[in-house]
Amino acid sequence: MTPFVGRHAALARMLAARRAGQAGAGTRRAGLVLVSGEAGIGKTALLGKFAAGCDRSTVLWGACWDDARAPAWWPWTQALRGLPPDPRLAAIVGDPGPAGDDDGVRARVFVAVSEALERIAPAVVILDDLQWADETSVSLLKFLVRQPRTGSLLLVAAYRPDELAPGVLTGLAEPAESITLGGLGPAETGDLVRALAGDAAARQWAPAVHTRSDGHPFFARELCRLMEAGGTTGDVPVAVREVIGRRLARLPSGCRELLDAAAVAGPVLRPDVLADVCAQSTEAIEAALAAGMLTGGAEVPVRFAHDLFRETIYATLPARRRLELHKSIGSALLRRHGRGAPVFPAELARHFAAAAPLHGAELAVTWAHAAAEADAGRYAFAEAAAHLRRARTAVADAGTHLPDAGLVRLLTAEAGLRLRAGDAEAARALLAEAWRPAGADADLLALVALGLDSVGARFAMPRTELITALEAARGALDGRGTPAEAQVTAALARQLQHSVPADRPRAGPYAERAVAIARALDDPATLASCLLARHDIVWTPGTGAERVLLATGIIAAARAAGDPERQAQGFLLAANAHLENGSAAFRAAFDEFAYLTERLRQPRHDYLLRTRQAALALLDGALETGERLIAEAAALGEQVGDSDTGNVRMSQRLEVVRARNDPDELRRTAAEAVGWWIGAPAHAHAVAAGFLARAGDLAAARREVETVRALPDWRADRSYLWSVFVGELTAAAIALKDRELCELLLADLEPLADTCAVNGALVCFMGAHAHRVGLLRAALGEPDGAAESLRAALRVHERLGARLWADETRRALSALTPGPEPSICRSGEMWQVSYRGHAAYLRDCKGLHDLSTLLARPGTDVAALELATGGGPVVLDRVAEEPALDATALRSYRRRLADVEGDERERLLEEVRRATRPGGAARPLSAGNAERARKAVTARIRDAIRRIETVLPELGRHLDRAVRTGHLCRYDG
């Protein structure tokens, strides 16, 4: 057994971390210790010494595998097998079952692990060789670190920093106790040599051993053993492989044969598999244990004493021997699987991929698909895709022919997993690679075309290549009446509908054909896809009721098919349709969508959910929260390569900018809209027209309106962007007093007055259509009809909880009310001023705050000092209030005036004027805070009145007459 030397300080820190985690009571976080150092530096020895000092019943130990083809969860599989049985942990410690059995399995497994560790608290979990951990295992570690708990949990992980993938420690390093192991010092190396070979050897060898090994414990230990066998310090090998090679050479041939097989098999040895591959495996294992190459036995699994042993043996195997062993072990694992013993598909995939030159492609591909399915069922999508990529690479490197059908299925399956893992670009590249071998085979073309459809494209932009691919596949499938024909036809219909306006008329017949095929097949998965196409074809303003029914059909079919992704999509479409109908039921449907989407555990769905959470925040009037979520969603979308990220961000930014009503921001956004929506020019220029009109740039708004009207299809295109288009064109028409355009827009909107404007699939709520109907009626001189429509819009906004839109409708109603009473109120970042049925907007300034306060308290004196402090406490400056002349001096001056004449009298009068107010009272000695407030408030009120007069002259004149300023200010309406 290797002695423990030189790591006492590190051990003390680990023990202190354990005691700290067990101290106190109440809610706490798990403790975390990270031990780092290069291979062979002593990390595992330190972990073993620490574990020996803990209660063994609560110490769980797992080690990661240095082969990327290891099964997902591997270190946790080892660590958690000692826990009491729990069916929720089957994804880790048992057979996970086929992919998609339970769409929430990963989240439930995380929680189940946390609860299981809580039950055995105080618990210690040790994970060795974290640099080889799969992404899913690291995610579970990070989850446990963040999870609040009542029982003590200490997580200990060791890793090689030079082999650690980027990002593995993100979120872990800061809260951790980090311990870095380096080489042993001279004295510690001497202790190691002494413990291994005695005092005399330590005196003779220790300095040289330290010099040659630089204190590296593994090198020092192996060198010491070599010297015990008659070597000298000059015989120190250049690389550790040579050291291990010398030790292997002294072993019996049967033992070396077993170690060769064990090195190929993996880090944990299965005696039945080794016995199947090697003769006399029991005796050989005993010999390897005695030689220190293997460790374990009894209740502890047998494994290599150090990973460097296994790595070195594997690397020095002749290529042919390595292939033969992979083939033999794969076959032995198949027989083990046939006996009903547990075998991970990833193990079989690894061995058969490596043995492809001998075994051929069939088994490598078969088990790669099985391993991918198993890991996808655990929501480890990146690991699942990697199995398929390794199979393709292994088959290609072996020069083995893979039929086109097999290659296309590998490529499309990997593309689907890459997409679910959040790598849309990789998915698109794989599908492009699959197109050529698909050839003219209808089924293969369908696989590739449907994969391309899943990747998608940006809305309202030409999709020529995607549509061409779908049309080619549909042509090859035409008349078969198969699920593939229905799904490809439905996908083609949707892509045409979401392309540029010229493509959309072709979409309807395809959608009808797809639904007809699907209903004849009685296939719920296919029916869900085809109903989605039908939904998108009818997706125009005013069809909310029909789309609720279609969304309900999609949900039912997806549920029957066990397709949680499509089911979540159905709930989103239902929420969108309810919102367009002005129904508060949209929130319940949205909650269902969010619940299902969170449990999909896919980056692209996380992005989708974040965008819709942003839309809900904007609807609720939480602009700052909405902006934050928009930014977070855009970052996620860019990361996963979602093709519509910029479009969604731009659409949601419109509502933020519109609500703020800042002229500069409105102008910038107008220019950005024109540059962004190249594929939908009518929409782009209508948005620009509305935003420029709101900013007060009427000439520029007029140019944008004329651009829209010059387009031949500006009134014909009714995509789901139409609500934004008509809303902003309405704002421009009213500001420009364009009666003809107002009448056209009113005719378009009146049939939709009972519905709401929603951009995309709940991308952004844009208000009730009744609101715009009311504004148009007011602009056309129909105040009674305008008021009726605005009151209807207000009821809808209040029912939906659309706070900012409700405020906007109230202001519009207030502006309709005739009468002399002026109104000055805040509207987002702007101020709305209204008087006698007219309204205008002004930028924020302090004088508008003052006037708003005075108008709210008509006939009441308000101290200028109160206005200056914004209603805060009034503190008088007593020193400044002392008079410049006391009463006696003032009387003396006035008597003197009666006795003098000429220049002297004029000079005396000037002094008296400076010392007194116009009414004769004495002025204060200096300007105090009350006087400063009077001057400042008077100046800013008069400035605000001048600004108001430029936009509403009648109101400006009224306020000039009715507002009195001074130390006391007052509005007399």
Side-chain angles (χ1 to χ4, degrees), residues 1-22 30-64 75 78-79 82 120 122-131 152-161 176-197 202 206 209-210 213 215-222 224-225 267-268 289 292-309:
M1 181 177 178
T2 303
F4 182 81
V5 298
R7 304 300 187 195
H8 298 288
L11 179 62
R13 290 172 64 187
M14 295 177 71
L15 294 172
R18 188 192 66 182
R19 289 192 298 270
Q22 294 175 354
L32 177 63
V33 176
L34 294 177
V35 180
S36 64
E38 65 185 275
I41 203 67
K43 302 183 295 298
T44 303
L46 174 62
L47 299 182
K49 184 70 173 178
F50 170 71
C54 303
D55 182 353
R56 297 185 65 180
S57 64
T58 59
V59 176
L60 307 176
W61 190 310
C64 304
Q78 300 169 76
I120 65 167
V124 176
V125 178
I126 298 174
L127 300 180
D128 203 0
D129 290 321
L130 191 68
Q131 73 276 0
S152 170
L153 172 62
L154 180 64
L155 300 163
V156 181
Y159 64 94
R160 302 178 188 178
E177 174 74 18
S178 295
I179 298 173
T180 302
L181 300 185
L184 300 173
E188 295 165 335
T189 303
D191 291 340
L192 177 61
V193 175
R194 185 176 297 105
L196 291 170
V209 168
H210 181 265
S213 68
H216 191 289
F218 178 77
F219 290 176
R221 184 171 63 246
E222 295 307 309
C224 187
R225 286 173 176 161
V268 176
L289 286 168
M293 299 298 293
L294 299 180
T295 185
E299 297 180 0
V300 180
V302 176
R303 57 185 299 132
F304 280 96
H306 197 287
D307 286 310
L308 288 178
F309 291 149

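Note that the structure is predicted; figures quoted are calculated from it, not measured.
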Is there side-chain contact between [X] and [Y], with at least one heavy-atom pair below 4.5 Å?
{"X": "K43", "Y": "R160", "answer": "yes"}
{"X": "D129", "Y": "Y159", "answer": "no"}
{"X": "F4", "Y": "L46", "answer": "yes"}
{"X": "L154", "Y": "Q22", "answer": "no"}
{"X": "Q78", "Y": "L127", "answer": "no"}
{"X": "R13", "Y": "E177", "answer": "yes"}

I need the minimum non-hydrogen distance between [X] and [Y], along with the two atoms involved.
{"X": "Q131", "Y": "A158", "result": "OE1-O, 4.2 Å"}
{"X": "A51", "Y": "V59", "result": "CB-CG1, 4.1 Å"}
{"X": "A79", "Y": "G62", "result": "CB-N, 3.9 Å"}
{"X": "V124", "Y": "C54", "result": "CG2-SG, 4.4 Å"}
{"X": "P161", "Y": "E38", "result": "CD-N, 4.4 Å"}

Item to check | Residue among L34, V33, L11 satisfying side-chain contact (heavy atoms from CB on, under 4.5 Å) with I179 | outcome: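 Going through the options one by one, the only one that passes is V33.
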Item to check | Straight-line distance of W61 CH2 to T44 OG1, nearest 0.5 Å | outcome: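 Reported value, rounded in 0.5 Å steps: 6.5 Å.
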Next on the checklist: Rounded to the nearest 0.5 Å, what separates atom CG in L294 from atom CZ in F304?
Outcome noted: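 Interatomic distance, L294 CG to F304 CZ, rounded to 0.5 Å: 6.0 Å.
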N/O donor-acceptor pairs under 3.5 Å from side chains in residues 180-192, not counting sequence neighbours:
unit_1, atom_1, unit_2, atom_2, d
T180, OG1, S36, OG, 3.2
E188, OE1, G185, N, 2.8
T189, OG1, G185, O, 3.0
D191, OD1, R194, NH1, 2.9

